[in-house]
Amino acid sequence: MKHVVDLAWTDNVAFETDMDGHKVVIDAGIDSGGSDLGPRPKKLMLTALAGCTGIDVIMILKKMKVEPEAFNVIVEAEVTDEHPKHYHKMKVIYQFKGKGLPLEKLEKAVKLSEDKYCGVTAVYKKAMNVESEVRVVE
């Protein structure tokens with residue numbers, strides 16, 4: 001299987017692509033010479049990680065017949081000071097909301113995603129330190 005993204009330069013430093021039928025615009029901030037027409041490329045890496053593992057966790061929990069009231073995946077990342085500036089450490093926070101949620105099943109779903117299913121996590125773990133935390137809010 002091969003994935004292809006064709007990113008076309010549109011104006012100044014903005015780019016656009018069609019991704020699975022959805023228009024995605026990437027741009028630099030005004031302070032960096034862009035027009036702020038879309039998100040920054042590096043932050044999309046955080047979104048990719050959150051989306052990949054989040055989808056996994058919800059699919060696994062559905063099979064376990066566990067449904068939280070709400071679920072957020074928060075990714076915090078530290079950027080190097082030197083060029084090329086890149087992420088060198090990430091923390092993924094899995095925040096569940098609900099009464100009586102079985103912590104052991106939540107943790108199992110997260111572990112399965114991180115260790116077996118999420119391809120984004122697998123790649124990032126090869127490049128940097130990736131930590132995680134499970135939080136339950138009632």
Side-chain angles (χ1 to χ4, degrees):
M1 178 192 300
K2 181 195 274 189
H3 291 176
V4 177
V5 172
D6 184 351
L7 192 68
W9 177 45
T10 59
D11 183 44
N12 194 10
V13 294
F15 290 81
E16 180 178 314
T17 189
D18 180 284
M19 192 176 289
D20 301 325
H22 304 279
K23 177 181 163 182
V24 178
V25 176
I26 297 171
D27 196 5
I30 293 169
D31 58 335
S32 299
S35 301
D36 195 26
L37 299 174
R40 313 304 166 256
K42 214 177 329 220
K43 283 190 179 176
L44 286 174
M45 293 176 65
L46 307 181
T47 304
L49 175 57
C52 180
T53 192
I55 289 169
D56 287 346
V57 168
I58 287 297
M59 289 174 68
I60 294 164
L61 288 176
K62 283 180 182 275
K63 289 179 183 175
M64 295 177 173
K65 303 204 183 316
V66 174
E67 190 163 334
E69 290 174 31
F71 173 52
N72 291 56
V73 181
I74 303 156
V75 181
E76 301 171 345
E78 294 183 17
V79 183
T80 60
D81 292 328
E82 314 80 38
H83 289 281
K85 293 185 178 188
H86 63 279
Y87 297 127
H88 65 94
K89 181 178 181 181
M90 290 186 183
K91 182 175 184 180
V92 185
I93 302 164
Y94 299 85
Q95 186 168 286
F96 300 90
K97 182 179 181 184
K99 293 189 188 292
L101 291 172
L103 183 59
E104 64 283 347
K105 288 185 178 183
L106 302 178
E107 289 173 340
K108 183 176 182 179
V110 166
K111 185 158 179 49
L112 282 168
S113 173
E114 290 182 336
D115 295 344
K116 186 173 183 179
Y117 295 113
C118 180
V120 177
T121 300
V123 170
Y124 289 3
K125 280 184 172 182
K126 289 180 182 182
M128 71 193 87
N129 179 23
V130 180
E131 300 173 353
S132 65
E133 177 185 339
V134 175
R135 293 180 186 165
V136 178
V137 179
E138 291 204 20

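In terms of heavy-atom proximity, Pro68 sits nearest to Leu61 at CD-CD1, 4.4 Å. Between Asp81 and Lys85, the closest heavy-atom pair is O-CE, 3.3 Å. Residue Val57 comes nearest to Val110 through the heavy atom pair CG2-CA, 4.0 Å, listed as atom of the first residue, atom of the second, then distance. Closest approach of Cys52 to Gly119, counting heavy atoms only: SG-N, 3.7 Å. Between Val73 and Gly54 the shortest heavy-atom distance is CG2-CA, 3.8 Å.
No path of Ile, Leu, Val, Met, Phe, Trp and Tyr side chains, each step under 4.5 Å between heavy atoms, connects Val5 with Leu37, placing them in separate hydrophobic clusters. Residue Val25 is not grouped with residue Ile30 when hydrophobic side chains (ILVMFWY) are merged at heavy-atom distances under 4.5 angstrom, including chains of intermediate members. Residues Tyr117 and Ile55 fall into different hydrophobic clusters, defined by Ile, Leu, Val, Met, Phe, Trp and Tyr side chains chained together at heavy-atom separations under 4.5 Å. Placement of Val79 and Val75 within a single hydrophobic cluster is found when ILVMFWY residues are connected by side-chain heavy-atom separations under 4.5 Å, directly or transitively.
Among residues at least two apart or in separate chains, side chain to side chain donor-acceptor pair (under 3.5 Å) pairs with a member in residues 46-69 are Thr53-Tyr94, Thr53-Ser113, Asp56-Ser113. Residue pairs satisfying the salt bridge (Lys or Arg N to Asp or Glu O under 4.0 Å) criterion with at least one member in residues 33-46, sequence neighbours excluded, are listed as follows: Asp36-Arg40. Pairs passing the ring-ring contact (aromatic ring centres under 6.0 Å, His included) check and including a residue from residues 32-60, sequence neighbours excluded, do not occur. Sorted by first and then second residue, the ring-ring contact (aromatic ring centres under 6.0 Å, His included) pairs with a member in residues 23-80 read Phe71-Phe96; sequence neighbours excluded.
When the salt bridge (charged side-chain N to carboxylate O under 4.0 Å, His left out) test is applied to Lys108, no partner is found at least two apart in sequence or on another chain. Applying the side-chain contact (heavy atoms from CB on, under 4.5 Å) test to Pro102 and every residue at least two apart in sequence or in another chain returns Val66, Glu104, Lys105. Residues that satisfy the side-chain hydrogen bond (donor to acceptor under 3.5 Å, both in side chains) test with Asp27, not counting sequence neighbours, are absent from this structure. In this structure, Lys116 has no side-chain hydrogen bond (donor to acceptor under 3.5 Å, both in side chains) partners at least two apart in sequence or on a different chain.
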Residues 122-136 side chain polar contacts: donor-acceptor under 3.5 Å, at least two apart:
residue	atom	partner	partner atom	Å
Tyr124	OH	Met45	O	3.0
Asn129	ND2	Glu131	OE2	3.4
Ser132	OG	Glu114	OE1	3.2
Ser132	OG	Glu114	OE2	3.0
Glu133	OE1	Lys91	NZ	2.8
Glu133	OE2	Arg135	NE	2.8

In residues 10-19, what donor-acceptor pairs under 3.5 Å come from side-chain atoms, sequence neighbours left out?
residue	atom	partner	partner atom	Å
Thr10	OG1	Ala14	O	3.3
Asn12	ND2	Gly33	O	2.9
Thr17	OG1	Asp6	O	2.9
Asp18	OD1	Gly21	N	3.1

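How far CD1 of Ile26 is from CG of Leu7: 5.0 Å, rounded to the nearest 0.5 Å.
Apart from Ile93 itself, the hydrophobic cluster it occupies contains Ile74, where clustering links Ile, Leu, Val, Met, Phe, Trp and Tyr at side-chain heavy-atom distances under 4.5 Å.
Sparse packing is recorded around CE of Met59, with 12 or fewer heavy atoms of other residues, nucleotides or ligands lying under 6.0 Å away.
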